[in-house]
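For reference, the structure is listed below as C-alpha coordinates.
Here is the naming used below: chain letters follow the sequence lines, and residue numbers restart at 1 for every chain.
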2 protein chains.
Amino acid sequence: MHRTNNSGKPGDVEKGNEREMQEKRSKPDEDFISLFETIGFPEAYRITYLAGSIAGPAYDAIKRDFGIIRAEFVLLACLSHFDEMKAQDIADISRRPRNTVSRAVHRMVAEGYIERSPDAADGRQALLMITPAGRALQDEAAQYLKTRQDKVLAALSADDRKAFSDLLLKLAINASKLDDV
Amino acid sequence: MHRTNNSGKPGDVEKGNEREMQEKRSKPDEDFISLFETIGFPEAYRITYLAGSIAGPAYDAIKRDFGIIRAEFVLLACLSHFDEMKAQDIADISRRPRNTVSRAVHRMVAEGYIERSPDAADGRQALLMITPAGRALQDEAAQYLKTRQDKVLAALSADDRKAFSDLLLKLAINASKLDDV
DNA sequence: TCTATTTTGTTCCAATTGGAACAACTTGCA
DNA sequence: TGCAAGTTGTTCCAATTGGAACAAAATAGA
(Lines give C-alpha, C1' and ligand atoms only; values in the text may rest on other atoms or scores of the structure.)
Protein backbone atom coordinates (compact mmCIF):
# COMPACT_ATOMS: atom_id res chain seq x y z
CA MET A 1 0.00 0.00 0.00
CA HIS A 2 0.99 3.59 -0.18
CA ARG A 3 1.94 4.40 3.39
CA THR A 4 5.64 3.94 3.70
CA ASN A 5 6.32 0.87 5.78
CA ASN A 6 9.20 1.81 8.02
CA SER A 7 8.37 -0.49 10.89
CA GLY A 8 11.48 -2.45 11.52
CA LYS A 9 9.78 -5.36 13.25
CA PRO A 10 12.93 -6.77 14.77
CA GLY A 11 10.91 -9.48 16.44
CA ASP A 12 10.47 -11.24 13.12
CA VAL A 13 13.94 -12.72 13.18
CA GLU A 14 13.08 -15.49 15.55
CA LYS A 15 10.12 -16.51 13.46
CA GLY A 16 11.69 -18.83 10.96
CA ASN A 17 13.03 -21.40 13.38
CA GLU A 18 12.39 -24.89 12.09
CA ARG A 19 8.71 -24.50 11.28
CA GLU A 20 7.43 -25.81 7.98
CA MET A 21 6.77 -22.63 6.13
CA GLN A 22 3.69 -23.67 4.17
CA GLU A 23 1.57 -22.77 7.19
CA LYS A 24 -1.29 -20.37 6.82
CA ARG A 25 -0.44 -16.73 6.49
CA SER A 26 -1.10 -14.83 9.70
CA LYS A 27 -0.79 -11.31 11.08
CA PRO A 28 -1.67 -8.49 8.73
CA ASP A 29 0.74 -5.59 8.48
CA GLU A 30 0.77 -3.32 11.49
CA ASP A 31 -0.27 -0.38 9.37
CA PHE A 32 -3.69 -1.88 8.96
CA ILE A 33 -4.62 -1.29 12.59
CA SER A 34 -5.40 2.31 11.66
CA LEU A 35 -8.54 0.95 10.01
CA PHE A 36 -9.86 0.09 13.45
CA GLU A 37 -9.89 3.79 14.27
CA THR A 38 -10.81 5.52 11.04
CA ILE A 39 -13.50 3.33 9.53
CA GLY A 40 -17.04 4.67 9.56
CA PHE A 41 -18.47 1.79 11.60
CA PRO A 42 -15.75 1.24 14.18
CA GLU A 43 -17.51 -1.02 16.65
CA ALA A 44 -19.01 -3.13 13.89
CA TYR A 45 -15.62 -3.52 12.29
CA ARG A 46 -13.87 -4.35 15.52
CA ILE A 47 -16.52 -6.88 16.49
CA THR A 48 -16.52 -8.68 13.14
CA TYR A 49 -12.73 -8.63 13.12
CA LEU A 50 -12.59 -10.09 16.61
CA ALA A 51 -15.16 -12.72 15.73
CA GLY A 52 -13.09 -13.74 12.73
CA SER A 53 -9.93 -13.83 14.81
CA ILE A 54 -11.47 -16.20 17.28
CA ALA A 55 -13.81 -18.33 15.21
CA GLY A 56 -11.64 -18.66 12.09
CA PRO A 57 -8.60 -20.34 13.61
CA ALA A 58 -10.65 -22.27 16.17
CA TYR A 59 -13.04 -23.82 13.66
CA ASP A 60 -10.19 -24.58 11.28
CA ALA A 61 -8.48 -26.52 14.05
CA ILE A 62 -11.71 -28.26 15.07
CA LYS A 63 -12.27 -29.38 11.51
CA ARG A 64 -8.72 -30.61 11.24
CA ASP A 65 -8.69 -32.48 14.53
CA PHE A 66 -12.28 -33.72 14.85
CA GLY A 67 -13.61 -33.76 11.30
CA ILE A 68 -16.67 -31.65 12.00
CA ILE A 69 -17.51 -28.32 10.44
CA ARG A 70 -18.79 -25.20 12.12
CA ALA A 71 -22.48 -25.94 11.54
CA GLU A 72 -22.02 -29.35 13.09
CA PHE A 73 -20.19 -28.04 16.11
CA VAL A 74 -22.86 -25.40 16.68
CA LEU A 75 -25.49 -28.10 16.53
CA LEU A 76 -23.68 -30.15 19.16
CA ALA A 77 -23.06 -27.10 21.32
CA CYS A 78 -26.74 -26.20 21.33
CA LEU A 79 -27.75 -29.74 22.18
CA SER A 80 -25.22 -29.79 25.00
CA HIS A 81 -27.21 -27.06 26.68
CA PHE A 82 -30.80 -27.89 25.82
CA ASP A 83 -31.91 -31.46 26.20
CA GLU A 84 -34.37 -31.35 23.31
CA MET A 85 -34.42 -29.02 20.33
CA LYS A 86 -35.86 -29.05 16.85
CA ALA A 87 -33.87 -28.25 13.75
CA GLN A 88 -35.59 -24.90 13.33
CA ASP A 89 -34.31 -23.81 16.73
CA ILE A 90 -30.77 -24.43 15.57
CA ALA A 91 -31.41 -22.45 12.41
CA ASP A 92 -32.74 -19.53 14.46
CA ILE A 93 -29.81 -19.49 16.84
CA SER A 94 -27.12 -19.94 14.24
CA ARG A 95 -28.66 -17.77 11.52
CA ARG A 96 -28.17 -20.53 8.96
CA PRO A 97 -30.71 -21.72 6.42
CA ARG A 98 -32.75 -24.76 7.31
CA ASN A 99 -31.22 -27.01 4.71
CA THR A 100 -27.76 -26.40 6.10
CA VAL A 101 -29.00 -27.44 9.52
CA SER A 102 -30.76 -30.42 8.02
CA ARG A 103 -27.50 -31.63 6.51
CA ALA A 104 -25.65 -31.19 9.78
CA VAL A 105 -28.35 -33.16 11.61
CA HIS A 106 -28.09 -36.06 9.19
CA ARG A 107 -24.32 -36.20 9.43
CA MET A 108 -24.30 -36.02 13.21
CA VAL A 109 -26.97 -38.74 13.42
CA ALA A 110 -24.94 -40.91 11.04
CA GLU A 111 -21.87 -40.42 13.22
CA GLY A 112 -23.76 -41.29 16.37
CA TYR A 113 -23.35 -37.87 17.94
CA ILE A 114 -27.04 -37.01 18.12
CA GLU A 115 -30.36 -38.84 18.03
CA ARG A 116 -33.52 -37.81 16.29
CA SER A 117 -36.96 -38.90 17.43
CA PRO A 118 -40.27 -37.92 15.87
CA ASP A 119 -42.39 -35.62 17.99
CA ALA A 120 -45.65 -37.33 18.85
CA ALA A 121 -47.30 -33.97 19.45
CA ASP A 122 -46.34 -32.44 16.09
CA GLY A 123 -45.77 -34.71 13.14
CA ARG A 124 -43.80 -32.15 11.20
CA GLN A 125 -40.89 -31.84 13.49
CA ALA A 126 -38.37 -34.15 15.12
CA LEU A 127 -36.73 -33.74 18.48
CA LEU A 128 -32.97 -33.81 18.57
CA MET A 129 -30.90 -35.02 21.50
CA ILE A 130 -27.17 -35.32 21.95
CA THR A 131 -25.58 -38.69 22.71
CA PRO A 132 -22.80 -39.24 25.27
CA ALA A 133 -20.34 -39.51 22.38
CA GLY A 134 -21.62 -36.22 20.99
CA ARG A 135 -21.30 -34.54 24.33
CA ALA A 136 -17.75 -35.80 24.75
CA LEU A 137 -16.85 -34.49 21.30
CA GLN A 138 -18.45 -31.14 22.01
CA ASP A 139 -16.62 -30.79 25.30
CA GLU A 140 -13.30 -31.42 23.65
CA ALA A 141 -13.88 -29.16 20.66
CA ALA A 142 -15.24 -26.38 22.86
CA GLN A 143 -11.83 -26.17 24.46
CA TYR A 144 -10.44 -24.95 21.16
CA LEU A 145 -12.82 -22.02 21.16
CA LYS A 146 -12.16 -21.29 24.80
CA THR A 147 -8.41 -21.39 24.29
CA ARG A 148 -8.55 -19.07 21.33
CA GLN A 149 -10.98 -16.77 23.14
CA ASP A 150 -8.65 -16.52 26.11
CA LYS A 151 -5.69 -15.80 23.89
CA VAL A 152 -7.50 -12.87 22.33
CA LEU A 153 -8.88 -11.62 25.64
CA ALA A 154 -5.50 -11.86 27.35
CA ALA A 155 -4.97 -8.22 26.45
CA LEU A 156 -7.41 -7.19 29.17
CA SER A 157 -7.02 -7.07 32.94
CA ALA A 158 -9.40 -9.22 34.98
CA ASP A 159 -11.55 -6.21 35.79
CA ASP A 160 -11.66 -5.02 32.21
CA ARG A 161 -12.52 -8.48 31.01
CA LYS A 162 -15.39 -8.68 33.45
CA ALA A 163 -16.66 -5.30 32.31
CA PHE A 164 -16.28 -6.28 28.68
CA SER A 165 -18.09 -9.55 29.22
CA ASP A 166 -20.98 -7.79 30.93
CA LEU A 167 -21.32 -5.28 28.14
CA LEU A 168 -21.24 -8.08 25.58
CA LEU A 169 -24.03 -9.87 27.39
CA LYS A 170 -26.24 -6.83 27.42
CA LEU A 171 -25.61 -6.28 23.72
CA ALA A 172 -26.12 -9.89 22.73
CA ILE A 173 -29.44 -9.99 24.52
CA ASN A 174 -30.47 -6.79 22.83
CA ALA A 175 -29.40 -8.13 19.44
CA SER A 176 -31.38 -11.31 19.95
CA LYS A 177 -34.52 -9.22 20.26
CA LEU A 178 -34.00 -7.17 17.12
CA ASP A 179 -35.73 -7.95 13.87
CA ASP A 180 -33.56 -8.64 10.88
CA VAL A 181 -34.23 -5.52 8.84
CA MET B 1 -37.04 -27.75 23.04
CA HIS B 2 -37.63 -29.22 26.43
CA ARG B 3 -37.91 -26.17 28.63
CA THR B 4 -41.56 -25.35 28.92
CA ASN B 5 -42.20 -22.23 26.97
CA ASN B 6 -44.54 -20.27 29.16
CA SER B 7 -43.47 -16.80 28.11
CA GLY B 8 -46.67 -15.12 27.09
CA LYS B 9 -45.00 -12.66 24.74
CA PRO B 10 -48.02 -10.37 24.51
CA GLY B 11 -45.99 -8.01 22.38
CA ASP B 12 -46.26 -10.35 19.45
CA VAL B 13 -49.79 -9.38 18.65
CA GLU B 14 -48.82 -6.17 16.96
CA LYS B 15 -46.36 -7.97 14.76
CA GLY B 16 -48.56 -9.08 11.91
CA ASN B 17 -49.74 -5.68 10.79
CA GLU B 18 -49.72 -5.40 7.03
CA ARG B 19 -46.22 -6.75 6.39
CA GLU B 20 -45.72 -9.37 3.72
CA MET B 21 -45.01 -12.40 5.77
CA GLN B 22 -42.46 -14.08 3.51
CA GLU B 23 -39.78 -11.95 5.11
CA LYS B 24 -36.83 -13.65 6.71
CA ARG B 25 -37.35 -15.25 10.05
CA SER B 26 -36.02 -13.10 12.88
CA LYS B 27 -35.69 -13.23 16.66
CA PRO B 28 -34.91 -16.58 18.19
CA ASP B 29 -37.00 -17.67 21.15
CA GLU B 30 -36.25 -15.78 24.33
CA ASP B 31 -35.25 -18.97 26.09
CA PHE B 32 -32.13 -19.14 24.00
CA ILE B 33 -30.53 -16.19 25.74
CA SER B 34 -29.54 -18.53 28.55
CA LEU B 35 -26.89 -19.88 26.16
CA PHE B 36 -25.11 -16.53 26.44
CA GLU B 37 -24.51 -17.23 30.11
CA THR B 38 -24.00 -20.96 30.36
CA ILE B 39 -21.85 -21.79 27.35
CA GLY B 40 -18.23 -22.68 27.99
CA PHE B 41 -16.81 -19.88 25.88
CA PRO B 42 -19.10 -16.98 26.78
CA GLU B 43 -17.19 -14.05 25.32
CA ALA B 44 -16.42 -15.92 22.12
CA TYR B 45 -20.05 -16.86 21.74
CA ARG B 46 -21.33 -13.37 22.47
CA ILE B 47 -18.84 -11.81 20.08
CA THR B 48 -19.62 -14.17 17.20
CA TYR B 49 -23.32 -13.79 17.87
CA LEU B 50 -23.03 -10.01 17.85
CA ALA B 51 -20.96 -10.08 14.69
CA GLY B 52 -23.60 -12.19 12.99
CA SER B 53 -26.36 -9.91 14.22
CA ILE B 54 -24.70 -6.90 12.68
CA ALA B 55 -22.99 -8.22 9.57
CA GLY B 56 -25.66 -10.70 8.50
CA PRO B 57 -28.60 -8.33 8.04
CA ALA B 58 -26.38 -5.46 6.86
CA TYR B 59 -24.63 -7.41 4.12
CA ASP B 60 -27.91 -8.98 3.04
CA ALA B 61 -29.34 -5.51 2.57
CA ILE B 62 -26.20 -4.27 0.81
CA LYS B 63 -26.37 -7.16 -1.62
CA ARG B 64 -30.05 -6.55 -2.23
CA ASP B 65 -29.73 -2.80 -2.74
CA PHE B 66 -26.31 -2.43 -4.36
CA GLY B 67 -25.62 -5.82 -5.92
CA ILE B 68 -22.26 -6.32 -4.26
CA ILE B 69 -21.32 -9.15 -1.94
CA ARG B 70 -19.42 -8.96 1.31
CA ALA B 71 -15.98 -9.60 -0.19
CA GLU B 72 -16.57 -6.81 -2.67
CA PHE B 73 -17.70 -4.34 -0.04
CA VAL B 74 -14.70 -5.15 2.13
CA LEU B 75 -12.45 -4.51 -0.84
CA LEU B 76 -14.03 -1.13 -1.45
CA ALA B 77 -13.93 -0.25 2.24
CA CYS B 78 -10.22 -0.99 2.44
CA LEU B 79 -9.50 1.03 -0.65
CA SER B 80 -11.52 3.92 0.77
CA HIS B 81 -8.98 4.20 3.54
CA PHE B 82 -5.70 3.33 1.88
CA ASP B 83 -4.96 4.94 -1.42
CA GLU B 84 -3.04 1.98 -2.81
CA MET B 85 -3.18 -1.64 -1.80
CA LYS B 86 -2.37 -4.97 -3.35
CA ALA B 87 -4.72 -7.93 -3.42
CA GLN B 88 -2.73 -9.78 -0.79
CA ASP B 89 -3.29 -6.96 1.67
CA ILE B 90 -7.03 -7.41 1.29
CA ALA B 91 -6.68 -11.14 1.82
CA ASP B 92 -4.70 -10.54 5.02
CA ILE B 93 -7.18 -8.07 6.42
CA SER B 94 -10.31 -9.96 5.51
CA ARG B 95 -8.99 -13.47 6.22
CA ARG B 96 -10.23 -14.67 2.84
CA PRO B 97 -8.28 -16.83 0.39
CA ARG B 98 -6.48 -15.05 -2.40
CA ASN B 99 -8.68 -16.40 -5.16
CA THR B 100 -11.76 -14.98 -3.49
CA VAL B 101 -10.11 -11.58 -3.39
CA SER B 102 -8.97 -11.99 -6.98
CA ARG B 103 -12.54 -12.54 -8.09
CA ALA B 104 -13.77 -9.52 -6.18
CA VAL B 105 -11.06 -7.38 -7.76
CA HIS B 106 -12.03 -8.44 -11.26
CA ARG B 107 -15.69 -7.75 -10.66
CA MET B 108 -15.07 -4.37 -9.11
CA VAL B 109 -12.74 -3.40 -11.97
CA ALA B 110 -15.37 -4.52 -14.48
CA GLU B 111 -17.97 -2.38 -12.72
CA GLY B 112 -15.68 0.63 -12.67
CA TYR B 113 -15.44 0.79 -8.88
CA ILE B 114 -11.71 0.23 -8.67
CA GLU B 115 -8.68 0.51 -10.94
CA ARG B 116 -5.75 -1.84 -11.17
CA SER B 117 -2.34 -0.74 -12.34
CA PRO B 118 0.75 -2.92 -12.59
CA ASP B 119 3.45 -2.06 -10.08
CA ALA B 120 6.58 -0.94 -11.88
CA ALA B 121 8.66 -1.86 -8.86
CA ASP B 122 7.33 -5.42 -8.53
CA GLY B 123 6.03 -7.21 -11.58
CA ARG B 124 4.08 -9.81 -9.62
CA GLN B 125 1.66 -7.50 -7.98
CA ALA B 126 -0.80 -4.86 -9.07
CA LEU B 127 -1.78 -1.75 -7.19
CA LEU B 128 -5.46 -1.23 -6.56
CA MET B 129 -7.14 2.14 -6.26
CA ILE B 130 -10.76 3.07 -5.72
CA THR B 131 -12.57 5.25 -8.27
CA PRO B 132 -14.92 8.10 -7.36
CA ALA B 133 -17.85 5.84 -8.26
CA GLY B 134 -16.44 3.15 -6.00
CA ARG B 135 -16.01 5.59 -3.17
CA ALA B 136 -19.56 6.83 -3.55
CA LEU B 137 -20.86 3.29 -3.47
CA GLN B 138 -18.77 2.46 -0.42
CA ASP B 139 -19.99 5.53 1.41
CA GLU B 140 -23.59 4.64 0.81
CA ALA B 141 -23.25 0.96 1.67
CA ALA B 142 -21.22 1.74 4.80
CA GLN B 143 -24.27 3.51 6.16
CA TYR B 144 -26.06 0.17 6.29
CA LEU B 145 -23.39 -1.24 8.55
CA LYS B 146 -23.35 1.89 10.67
CA THR B 147 -27.11 1.87 11.03
CA ARG B 148 -27.20 -1.75 12.05
CA GLN B 149 -24.27 -1.26 14.39
CA ASP B 150 -26.02 1.62 16.13
CA LYS B 151 -29.22 -0.36 16.46
CA VAL B 152 -27.38 -3.14 18.26
CA LEU B 153 -25.33 -0.74 20.39
CA ALA B 154 -28.37 1.29 21.37
CA ALA B 155 -28.65 -0.90 24.45
CA LEU B 156 -25.66 0.92 26.00
CA SER B 157 -25.39 4.36 27.57
CA ALA B 158 -22.97 6.79 25.96
CA ASP B 159 -20.38 6.12 28.64
CA ASP B 160 -20.74 2.38 28.38
CA ARG B 161 -20.50 2.54 24.64
CA LYS B 162 -17.29 4.51 24.86
CA ALA B 163 -15.86 2.01 27.32
CA PHE B 164 -16.96 -0.87 25.15
CA SER B 165 -15.47 0.69 22.05
CA ASP B 166 -12.14 1.25 23.79
CA LEU B 167 -11.99 -2.32 25.01
CA LEU B 168 -12.82 -3.56 21.53
CA LEU B 169 -9.99 -1.52 20.09
CA LYS B 170 -7.47 -2.92 22.51
CA LEU B 171 -8.64 -6.45 21.76
CA ALA B 172 -8.73 -6.01 18.00
CA ILE B 173 -5.18 -4.69 18.01
CA ASN B 174 -4.09 -7.61 20.13
CA ALA B 175 -5.87 -10.08 17.86
CA SER B 176 -4.21 -8.58 14.80
CA LYS B 177 -0.84 -9.46 16.28
CA LEU B 178 -1.65 -13.08 17.08
CA ASP B 179 -0.59 -15.92 14.88
CA ASP B 180 -3.29 -18.16 13.52
CA VAL B 181 -2.61 -21.28 15.54
C1' DT C 1 26.29 -14.52 -10.88
C1' DC C 2 23.24 -18.50 -10.71
C1' DT C 3 19.98 -21.41 -8.61
C1' DA C 4 16.60 -22.65 -5.05
C1' DT C 5 12.98 -20.66 -2.59
C1' DT C 6 9.31 -17.48 -1.85
C1' DT C 7 5.60 -14.46 -3.19
C1' DT C 8 1.76 -12.81 -6.08
C1' DG C 9 -2.24 -13.44 -8.54
C1' DT C 10 -4.87 -16.56 -11.49
C1' DT C 11 -7.15 -20.80 -13.17
C1' DC C 12 -9.08 -25.20 -12.46
C1' DC C 13 -12.27 -28.10 -10.40
C1' DA C 14 -14.43 -30.79 -6.76
C1' DA C 15 -17.08 -29.77 -2.82
C1' DT C 16 -20.13 -26.79 -0.45
C1' DT C 17 -23.78 -23.60 -0.19
C1' DG C 18 -28.28 -21.67 0.02
C1' DG C 19 -32.61 -20.26 -2.54
C1' DA C 20 -36.68 -22.35 -4.20
C1' DA C 21 -39.85 -25.84 -4.64
C1' DC C 22 -41.96 -29.53 -2.38
C1' DA C 23 -44.59 -32.92 0.66
C1' DA C 24 -46.34 -33.67 5.03
C1' DC C 25 -48.41 -31.78 8.71
C1' DT C 26 -50.64 -28.24 11.79
C1' DT C 27 -53.17 -24.05 12.68
C1' DG C 28 -56.56 -20.40 12.06
C1' DC C 29 -60.92 -19.21 11.13
C1' DA C 30 -65.29 -18.79 8.76
C1' DT D 1 -66.24 -29.23 9.64
C1' DG D 2 -63.54 -27.73 5.81
C1' DC D 3 -60.30 -25.05 3.54
C1' DA D 4 -56.71 -21.47 3.23
C1' DA D 5 -52.47 -20.31 5.15
C1' DG D 6 -48.44 -21.29 7.82
C1' DT D 7 -44.67 -24.40 9.50
C1' DT D 8 -41.20 -28.08 9.32
C1' DG D 9 -37.75 -30.55 7.22
C1' DT D 10 -36.01 -32.35 2.86
C1' DT D 11 -34.52 -32.46 -2.00
C1' DC D 12 -33.00 -30.31 -6.10
C1' DC D 13 -29.86 -27.66 -8.52
C1' DA D 14 -27.45 -23.52 -10.03
C1' DA D 15 -24.11 -20.60 -8.08
C1' DT D 16 -20.39 -19.94 -5.02
C1' DT D 17 -16.42 -21.36 -2.61
C1' DG D 18 -11.75 -22.41 -1.51
C1' DG D 19 -7.79 -25.78 -1.87
C1' DA D 20 -4.31 -26.99 -5.06
C1' DA D 21 -1.63 -26.36 -8.91
C1' DC D 22 0.35 -23.08 -11.77
C1' DA D 23 3.14 -19.25 -14.21
C1' DA D 24 5.57 -15.15 -13.62
C1' DA D 25 8.40 -12.48 -10.97
C1' DA D 26 11.25 -11.32 -6.94
C1' DT D 27 14.49 -12.64 -3.31
C1' DA D 28 18.10 -15.12 -0.72
C1' DG D 29 22.21 -17.17 -0.41
C1' DA D 30 26.10 -19.76 -2.04
Side-chain angles (χ1 to χ4, degrees), chain A residues 1 12-13 15-16 19-26 28-29 52 56 59-60 63-64 67-72 74-75 84-92 94-110 114 116-128 180, chain B residues 1 12-13 15-16 19-26 28-29 52 56 59-60 63-64 67-72 74-75 84-92 94-110 114 116-128 180:
Chain A
M1 54 178 186
D12 281 1
V13 285
K15 187 182 95 180
R19 301 153 67 199
E20 278 80 15
M21 291 314 269
Q22 64 271 34
E23 77 182 52
K24 287 184 76 164
R25 182 180 307 272
S26 53
D29 189 291
Y59 283 118
D60 283 350
K63 184 177 187 176
R64 162 170 48 77
I68 61 172
I69 65 174
R70 181 167 181 160
E72 291 159 354
V74 170
L75 172 59
E84 284 182 355
M85 300 180 84
K86 46 181 181 160
Q88 182 65 55
D89 295 332
I90 312 289
D92 289 341
S94 62
R95 294 178 169 268
R96 294 286 131 216
R98 291 199 302 277
N99 52 5
T100 297
V101 176
S102 178
R103 265 187 289 260
V105 166
H106 283 284
R107 277 183 295 224
M108 293 300 91
V109 168
I114 71 173
R116 185 184 31 178
S117 60
D119 183 357
D122 188 333
R124 293 167 301 181
Q125 71 200 29
L127 297 178
L128 309 172
D180 294 359
Chain B
M1 53 181 185
D12 282 1
V13 287
K15 186 182 96 183
R19 302 153 68 197
E20 278 80 15
M21 291 314 270
Q22 64 271 35
E23 80 182 48
K24 287 183 76 166
R25 183 180 305 271
S26 53
D29 188 293
Y59 283 117
D60 283 350
K63 183 176 188 178
R64 161 170 49 78
I68 60 173
I69 65 175
R70 181 166 180 162
E72 290 159 354
V74 170
L75 172 60
E84 285 182 354
M85 301 179 86
K86 48 181 179 159
Q88 183 64 56
D89 295 333
I90 312 289
D92 288 341
S94 62
R95 294 177 170 269
R96 292 288 130 216
R98 290 198 304 276
N99 54 5
T100 298
V101 175
S102 178
R103 265 187 289 259
V105 166
H106 283 283
R107 276 184 296 225
M108 293 301 92
V109 167
I114 72 175
R116 186 185 30 178
S117 60
D119 183 356
D122 187 333
R124 294 168 301 179
Q125 71 200 30
L127 297 178
L128 309 173
D180 293 359

Does D:dT8 have OP1 or OP2 under 4.0 Å away from a side-chain N or O of A:K86?
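Checking D:dT8 against A:K86, a side-chain N or O does come within under 4.0 Å of OP1 or OP2.
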Can you see if the side chain of A:S102 gets near the phosphate of D:dT10 - specifically, an N or O under 4.0 Å from OP1 or OP2?
yes
When the distance from [atom1] of [X] to [atom2] of [N] is rounded to whole Å, what number comes out?
X	N	atom1	atom2	value
B:I68	D:dT16	CD1	C1'	17 Å
A:Q88	C:dT26	CD	C1'	15 Å
A:L75	D:dG9	CG	C1'	14 Å
B:R103	C:dC13	CZ	P	14 Å
B:I69	C:dT17	CD1	P	16 Å
A:R95	C:dT17	CZ	P	19 Å
B:L127	C:dT7	CG	C1'	15 Å

Select from A:T100 and B:Q125 the residue whose nearest nucleotide in DNA chain C is closer to the 5' end of that strand.
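Upstream on the strand: B:Q125.
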Scan B:R116 against the nucleic acid and name what it touches under 4.0 Å (heavy atoms): base, sugar-phosphate only, or nothing.
sugar-phosphate
Using a cut-off of 4.0 Å on non-hydrogen atoms, how would the nucleic acid contact of B:R96 be classed: base, sugar-phosphate, or nothing?
sugar-phosphate
For the helix from C:dT1-D:dA30 to C:dA30-D:dT1, measure the angle between the helix axis at one end and the axis at the other, each built from five pairs, rounding to 10°.
30°
Counting heavy atoms from C-beta on, name the nucleotide in D:dT10, D:dG18, D:dG9 closest to the side chain of A:N99.
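Of the options given, the side chain of A:N99 lies nearest D:dT10.
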Taking only N/O atoms, report every protein-nucleotides 21-25 of chain D pair under 3.5 Å with atom names and distance.
residue, atom, partner, partner atom, Å
D:dA25, O3', B:G123, N, 3.3

Under the side-chain contact (heavy atoms from CB on, under 4.5 Å) test against A:E84, which residue among A:L127, A:L128, A:D89 passes?
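In the set A:L127, A:L128, A:D89, the residue that makes a side-chain contact (heavy atoms from CB on, under 4.5 Å) with A:E84 is A:L127.
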